[in-house]
Amino acid sequence: MKRKLTAMLLALLMIPSAWALTLDEARQQGRVGETLSGFIAARQQDDETLALVKRINDGRTQQYQRVAQQNNLTTSEVARIAGEKLVNRAGSGEYVRGINGQWLRK
């Protein structure tokens, strides 16, 4: 039993994503918020939050570029449309940055 537990713990330590902060966790903890630009922004400046923001925004950029090409739009147009939808869909208690640049809690 003890060996199995030790093996499981070692396996978890070798998988960094098992400990990685998720977007949902960061939203619920108020560490990030949605913006009208279509990208998330960090509300906390720790390394884990900043790494998450970069990872999510890089992925969104790639997706926005694909959608833009398919629909004869610019990437910034797609990002803006997505940003409006993401801000509107933010859950209760999550943060969004308003048109005035201020953080609002929904």
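Here the structure is a predicted model, which is why all the values come from computation and not from measurement. FYI, the numbering just counts along the sequence from 1.
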- Query: Would E25 and R31 pass as an ion pair if we require N to O under 4.0 Å?
  - Reply: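 Salt bridge between E25 and R31, a charged N being under 4.0 Å from a carboxylate O: no.
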
Rounded to the nearest 0.5 Å, how far does [atom2] of [Y] lie from [atom1] of [X]?
X   : Y   : atom1 : atom2 : result
T75 : R60 : OG1   : CZ    : 15.0 Å
L23 : I56 : CG    : CD1   : 5.0 Å
L21 : D47 : CG    : CG    : 12.0 Å
I40 : L86 : CD1   : CG    : 10.0 Å
Q28 : Y95 : CD    : OH    : 13.5 Å

Atom of [X], atom of [Y] and distance for their closest heavy-atom approach:
X   : Y    : value
A41 : V53  : C-CG2, 4.3 Å
V87 : K106 : O-NZ, 3.0 Å
G98 : L104 : CA-CD1, 4.3 Å
V67 : N71  : O-ND2, 2.8 Å
V96 : A90  : CG1-CB, 3.5 Å
Q44 : Q29  : NE2-O, 4.3 Å

- Under 4.5 Å between any side-chain heavy atoms of V32 and R27, yes or no?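 SC-SC contact between V32 and R27 confirmed.
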
- Check whether any side-chain heavy atom of R80 sits under 4.5 Å from a side-chain heavy atom of L36, and report yes or no.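 R80 does not reach L36 side chain to side chain.
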
I'd like to know if the side chain of [X] and the backbone of [Y] have a donor-acceptor N/O pair within less than 3.5 Å.
X   : Y   : answer
Y64 : G38 : yes
R43 : G30 : yes
T61 : N57 : yes

- So does N72 have more than 12 non-hydrogen atoms from other groups sitting under 6.0 Å from CG?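 No, because the 6.0 Å sphere around CG of N72 holds 12 heavy atoms or fewer from other groups.
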
- Query: How about K54: does its NZ atom have over 12 heavy atoms from other parts shown lying under 6.0 Å from it?
  - Reply: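 Incorrect, the count does not exceed 12.
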
